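What follows is a single structure, written as structure tokens, with notes after it.
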Amino acid sequence: MQADYHPESIEQLAQQYWDSSQAFRAKREHRKPKYYCLSMFPYPSGKLHMGHVRNYTIGDVLSRYHRMKGYNVLQPMGWDAFGLPAENAAIQNRVPPAKWTYDNIAYMKRQLKSLGFAIDWSRELATCRPDYYKWNQWLFLRMLEKGIAYKKTQVVNWDPVDQTVLANEQVIEGRGWRTGAIVEKREIPGYYLGITQYAEELLADLDKLPGWPERVKTMQANWIGKSYGVRFAFTHDIRDNTGALIDDGRMWVFTTRADTIMGVTFCAVAAEHPLAAHAAENDPALASFIDKCKRGSVMEADMATMDKEGMDTGLKVMHPLTGEPVPVWVGNYVLMGYGEGAVMAVPAHDERDFGFARKYKLPIKQSISVRNLSFDEAAWQEWYADKEHGICVNSGKYDGLNYEAAVDAIATDLAEKGLGEKKVQWRLRDWGISRQRYWGCPIPIIHCDTCGSVPVPDEQLPVVLPEDCVPDGSGNPLLKREDFLNTYCPKCGKPARRETDTMDTFVDSSWYYARYASQFKSGAMVDEETNYWMPVDQYIGGIEHAILHLLYSRFWTKVMRDLGLVEYSEPFSNLLTQGMVLNLIFSRHPDNGAVEYFSPEELEIIKDEAGRVIGAKSLADGRTVDFQGMGTMSKSKRNGVDPQAIIDQYGADTARLFMMFASPPEQTLEWVDSGVEGAFRFLRRLWNFGVRFGNGGGPANAAHLQKVTRFEIHSVLKQANYDLSKHQFNTVSSAAMKILNALDRLAGVDDEVVKEGFSILLRLLAPITPHITHILWRELGFGEDILQAPWPEPLAEALEQDEIEIVLQVNGKLRGNLTVAKTASKATLEQLALAHPSVQKHLAGAAAKKIVVVPGRLINVVI
RNA sequence: GCCGGGGUGGUGGAACUGGUAGACGCGCCGGACUCAAAAUCCGGUGUCUGAGAGGACGUGAGGGUUCGAGUCCCUCCCCCGGCACCA
């Protein structure tokens with residue numbers, strides 16, 4: 001056993017042992033409960049970043065802990081390998097995306113291994129391999145058959161930088177989720193997946209996920225956006241140039257406030273609405289306004305702050321209940337994509353309509369009343385929109401009805417006329433998956449001049465993506481690949497062309513967890529082993545996937561279930577969203593408005609007398625640099641720390657321990673170099689203690705100290721086990737430190753208490769720092785393999801105490817301690833408390849009003 | 001605006017169903033070792049006050065419940081994240 005702690009050799013030895021014994025190979029095993037622990041798989045971008053290390057360490061701690069607790073654990077790993085960075089790298093380096101990707105995978109796999117993760121590498125997959133994406137294609141074809149997948153041409157979000165379509169979920173504040181470029185609207189044909197068909201279930205099943213963070217469920221519920229209301233039509237006889245009624249003489253709207261229908265004074269339609277287009281034909285002013293709206297709506301980011309503007313179309317539609325004519329306006333706030341692209345406007349009871357009516361001097365008509373408050377057209381008041389207390393007024397036969405009764409009555413009346421009914425409206429849209437990109441899964445469709453778009457027959461799958469293309473930045477390189485493009489129509493046999501769009505890479509990640517859980521050799525998407533492992537017991541990943549990936553995966557799972565491929569309805573039982581990794585940010589702001597960021601290692605950091613960072617000096621030019629506070633590690637801010645450098649300097653165990661100790665998994669983690677050193681110092685102390693222990697140590701200590709130490713160790717262990725159940729690994733790490741401190745205090749190291757305590761310490765720490773604990777366990781003769789050792793449980797016998805410490809309070813304030821026999825009676829305790837000098841002093845001769853005794857805890861004397 | 005999560009020393013963060021606030025680590029201060037430094041080890045470290053024993057104050061602010069509140073209730077302030085012309 002080496003005298004000093006040298007992590008590199010220790011870690012290598014431990015990893016070799018795990019490799020050669022295939023320690024993490026997962027097999028079906030029905031005598032043990034199963035535990036499927038999954039971390040979101042990485043995109044092979046080049047090398048691991050700290051976020052990866054944190055993510056996978058959390059997963060590994062959970063995996064190893066459950067393994068030791070007797071679970072049959074599966075922890076797989078793979079690669080989310082399709083995507084744009086590979087194409088961008090290809091353009092820069094003139095290397096095919098495939099080669100770039102496979103090289104990155106090889107390098108990152110080595111890094112993952114050097115961190116000692118307990119991964120079953122036999123299940124490794126990469127989504128860019130044909131044997132994987134074949135099943136994307138196969139399932140897509142099944143969805144086509146079922147009508148879940150379909151083709152349509154519609155206005156889509158176009159990312160001008162990545163030159164591709166984005167799903168609604170991928171547009172954040174009007175910008176592309178990857179590029180940050182302002183998204184444009186384009187009309188493009190593409191394939192869509194009918195996720196809206198599952199909206200109801202996706203929303204309802206959130207309640208079946210108690211193991212998910214509340215905020216993720218809220219975000220999904222908001223995204224799905226269910227609202228109850230009434231869809232109804234205003235009638236008209238407006239005809240187009242050919243003399244045909246526009247939309248059969250019906251202008252449909254959706255409202256959640258049908259009870260205010262008698263307060264309608266105008267309607268507003270989106271710029272894209274057919275009535276708007278019709279009215280614009282003979283009205284150049286209106287046409288230019290509509291044009292402006294369409295252009296304006298490109299910038300979704302500005303929409304929220306944009307003024308509500310509108311213009312009268314001059315058209316009138318008929319109110320379905322009163323028969324009165326209602327003017328139709330074009331409003332820049334009406335969205336073509338939500339509801340019907342047209343709304344009824346009730347200025348009296350909708351704040352936005354109110355503002356609009358005031359601006360354009362449109363009539364305001366009160367139709368509900370709350371507690372007889374007086375309505376004033378001059379100013380908006382909260383109660384105008386109060387649906388809970390509103391009672392219909394000025395509403396003819398509906399007068400006196402409350403919200404619910406009014407909606408029911410009005411919906412019934414509308415239905416009788418065939419002009420409306422209650423309806424549920426969703427915010428969720430179908431998922432557009434066509435991407436005009438090369439490095440992705442080909443959509444298995446063949447375009448034939450005679451037969452149209454024809455699905456590729458199953459036996460011709462997979463449609464293999466050529467791996468040797470080198471994109472040059474000018475569109476999809478597949479368009480130039482005649483060998484890929486040219487094929488024959490499966491229906492008529494005539495020459496035809498392949499679809500060149502590829503699938504959104506979120507398709508790839510929507511079912512990989514089910515593939516891991518299967519035997520790959522079977523010629524199917526998944527096999528029945530998936531029903532053994534699934535659902536994932538613990539999923540770990542970043543909060544940034546709260547909507548996109550997690551919603552798509554839930555949808556995909558339900559589709560697979562409905563196709564009879566799997567038996568479960570939800571893929572992830574428990575979800576842990578780990579916090580970001582932060583580091584100091586330093587920058588300079590020259591007068592020209594530019595920002596120059598500095599990596600902390602280029603700087604001498606300046607602290608105030610309390611040790612707080614206040615600034616820095618550049619090592620290069622000696623001039624000052626501003627401190628910007630803590631922020632997420634990122635390339636652009638130049639504040640990333642390379643995990644490899646940490647592993648090389650301190651070893652994987654130190655990196656793992658620091659990450660687990662510095663903060664709880666769900667919170668942000670601040671990277672602090674001195675904290676990393678602290679973690680290393682602890683491991684070195686642990687090693688040195690092991691060396692002394694192995695050498696036989698000194699004489700045994702007094703029995704009393706032994707008993708106290710043993711009590712302390714088992715108490716700490718009890719708390720640590722509780723903390724583990726809550727995934728609070730920072731306090732588990734601190735428990736390990738406490739145990740070592742206690743053992744250190746017990747200078748003699750050859751007695752049974754130390755042996756027991758050290759074995760508890762090693763096992764408690766094994767999930768977090770697997771290498772050092774593996775070696776110490778073996779070298780010190782505790783056993784062959786610490787992974788096989790039983791998880792330590794506190795012993796009642798060690799927690800037994802004859803004497804306990806009781807806290808003494810006067811009026812709830814701490815005044816002293818009492819050490820008493822555990823068996824002391826309440827009367828004895830009261831007596832002892834009153835006799836205590838400090839209590840005597842505060843009593844000052846008076847009698848106690850009341851004495852509260854909490855057994856085993858405290859005595860409070862009330863004066 | 002709506003929804004969700006927070007606010008505790010110099011600092012990251014602890015605190016079981018209300019029961020010794022600040023565990024554990026970092027930083028800082030002092031000491032030992034050393035020619036010296038680094039490393040290591042030992043001690044101290046919420047604020048104010050006091051020579052000291054001690055005392056007072058203290059978990060964003062204010063109120064309340066309670067023998068006792070970081071924890072429960074009410075009002076308010078601030079921060080972070082998500083959603084948002086959604087009809």
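Keep in mind it's a predicted model, so treat the numbers as computed, not measured. Because only heavy atoms are used, hydrogens play no part in the values below, and waters and symmetry mates are left out as well, while side chains stay in. Here is the naming used below: chain letters follow the sequence lines, and residue numbers restart at 1 for every chain.
The nucleotide whose nearest atom lies closest to any side-chain atom of A:M737 is, among B:G4, B:G25, B:C57, B:G25. Between B:G27, B:C86, B:U20, one nucleotide has an atom nearer to the side chain of A:R352 than all others, and that is B:C86. Looking at the side chain of A:N741, the nearest of the listed nucleotides B:G25, B:C16, B:A87 is B:G25. The nucleotide whose nearest atom lies closest to any side-chain atom of A:V807 is, among B:U20, B:A15, B:G82, B:U20. With B:G82, B:U17, B:G25 as the candidates, the nucleotide lying closest to the side chain of A:Y722 is B:U17.
Counting only Watson-Crick or G-U wobble pairs whose defining distances are both under 3.5 Å, the stems of 3 or more consecutive pairs in RNA chain B are B:1-7 with B:77-83, B:10-12 with B:24-26, B:27-32 with B:40-45, B:46-49 with B:54-57, B:60-64 with B:72-76.
Rounded to the nearest Å, the gap between the P atom of B:U71 and that of B:U59 is 9 Å. On the P atoms, B:C24 is 28 Å away from B:U49, given to the nearest whole Å. Comparing the C1' positions of B:A15 and B:A23 gives an interatomic distance of 8 Å, to the nearest angstrom. B:G81 and B:C26 are spaced 28 Å apart, taking the C1' atom of each and rounding to whole Å. As rounded to the nearest Å, B:G46 and B:G22 have C1' atoms that lie 8 Å from one another. Nucleotides B:G62 and B:G9 have their P atoms positioned 15 Å apart, rounded to a whole Å. B:G27 and B:C78 have their P atoms separated by 36 Å, with the value rounded to a whole Å. Between the C1' atoms of B:A56 and B:G60, the separation comes to 22 Å (whole Å).
Contact check for A:L551 versus A:I195: side-chain heavy atoms found under the 4.5 Å cut-off.
Taking atom CD of residue A:E214 and atom C1' of nucleotide B:G5, one finds them 11 Å apart after rounding to whole Å. Look at CH2 on A:W426: it is 17 Å from C1' on B:A87, rounded to the nearest Å. In this structure, A:N222 atom CG and B:G1 atom P are separated by 17 Å, rounded to whole Å. Rounded to a whole Å, the CD atom of A:E666 is 10 Å from the P atom of B:G6. Note: CD1 (A:I859) to P (B:U20) measures 14 Å, nearest angstrom. Atom pair A:L584:CG and B:C26:C1' shows a separation of 13 Å (rounding to whole Å applied). A:K738 places its NZ atom 12 Å from the P atom of B:G22, with the value rounded to the nearest Å. The interatomic distance linking A:I543 (CD1) with B:G6 (C1') rounds to 14 Å, in whole Å.
Applying the salt bridge (charged side-chain N to carboxylate O under 4.0 Å, His left out) test to residues at least two apart or on different chains, none of the pairs has a partner in residues 576-585 of chain A. Residue pairs that meet the salt bridge (charged side-chain N to carboxylate O under 4.0 Å, His left out) test with at least one member in residues 654-664 of chain A, sequence neighbours left out, are A:D60-A:R656. For residues 716-745 of chain A, no pair satisfies ring pair (Phe, Tyr, Trp, His ring centres under 6.0 Å), with sequence neighbours left out.
Every residue meeting the ring-ring contact (aromatic ring centres under 6.0 Å, His included) condition with A:F232, not counting sequence neighbours, appears here in chain and number order: A:F234. With sequence neighbours left out, the ring-ring contact (aromatic ring centres under 6.0 Å, His included) criterion links A:W380 to A:F354, A:Y384. For A:Q809, there are no side-chain hydrogen bond (donor to acceptor under 3.5 Å, both in side chains) partners, not counting sequence neighbours. Not a single side-chain hydrogen bond (donor to acceptor under 3.5 Å, both in side chains) links A:R250 to another residue, sequence neighbours left out.
Annotation: A:Q831, atom CD; neighbour count of heavy atoms from other residues, nucleotides and ligands within 6.0 Å does not exceed 12. The number of heavy atoms from other shown groups lying within 6.0 Å of NZ (A:K726) is above 12. Heavy atoms from other residues, nucleotides or ligands lying under 6.0 Å from CD of A:Q381 number more than 12. Within a 6.0 Å sphere centred on NZ of A:K718, other residues, nucleotides and ligands contribute 12 heavy atoms or fewer. A 6.0 Å sphere centred on CZ of A:R215 holds no more than 12 heavy atoms belonging to other residues, nucleotides or ligands.
Taking both residues in full, the closest heavy atoms of A:S733 and A:F661 are given as CB-CD1, 3.6 Å, listed atom of the first, atom of the second, then distance.
Within the nucleic acid shown, A:K813 comes within 4.0 Å of sugar-phosphate atoms alone, with no base atom in reach, counting heavy atoms only. Heavy atoms of A:G225 sit nowhere under 4.0 angstrom from any nucleic acid atom.
Here A:Q728 reaches the OP1 or OP2 of B:A15: one of its side-chain N or O atoms lies under 4.0 Å away.
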Under-3.5 Å N/O pairs linking protein and nucleotides 8-13 of chain B:
from, atom 1, to, atom 2, distance (Å)
B:G10, O3', A:R612, NH1, 3.3
B:G12, O2', A:A662, O, 2.7
B:G13, O3', A:N730, ND2, 3.2

Shorter than 3.5 Å, N or O on both sides, protein versus nucleotides 65-68 of chain B: list them out with atom names.
from, atom 1, to, atom 2, distance (Å)
B:C67, O2', A:N860, ND2, 3.2
B:C67, O2, A:N860, ND2, 2.5

Polar atom pairs (N or O), protein with nucleotides 38-47 of chain B, under 3.5 Å:
from, atom 1, to, atom 2, distance (Å)
B:U40, OP1, A:R684, NH2, 2.7

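An anti base is found at B:G64: its glycosidic angle is more than 90° from 0.
Under the side chain to side chain contact (heavy atoms under 4.5 Å, CB included) test applied with A:V269, the options A:V317, A:V253, A:V328 reduce to a single match, A:V328. Considering A:Y650, A:F682, A:W671 in turn, A:W671 is the only one that fulfils the ring pair (Phe, Tyr, Trp, His ring centres under 6.0 Å) rule with A:F658.
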Where protein sits on nucleotides 49-55 of chain B, one letter per nucleotide: B base, S sugar-phosphate only, - none, heavy atoms under 4.0 Å: -----SS

A:E340 and A:R231: CA distance, side-chain angles, deciding distance, salt bridge (charged side-chain N to carboxylate O under 4.0 Å, His left out) verdict: CA-CA 9 Å; A:E340 305 294 334; A:R231 176 181 182 263; 2.7 Å; yes

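Between A:M344 atom CE and A:F254 atom CZ the span is 10.5 Å, to the nearest 0.5 Å.
Nearest-nucleotide mapping onto RNA chain B: of A:E677 and A:Y338, the residue sitting toward the 5' end is A:E677.
A:D653 places a side-chain N or O within 3.5 Å of a backbone atom of A:I772 that can act as its donor or acceptor partner.
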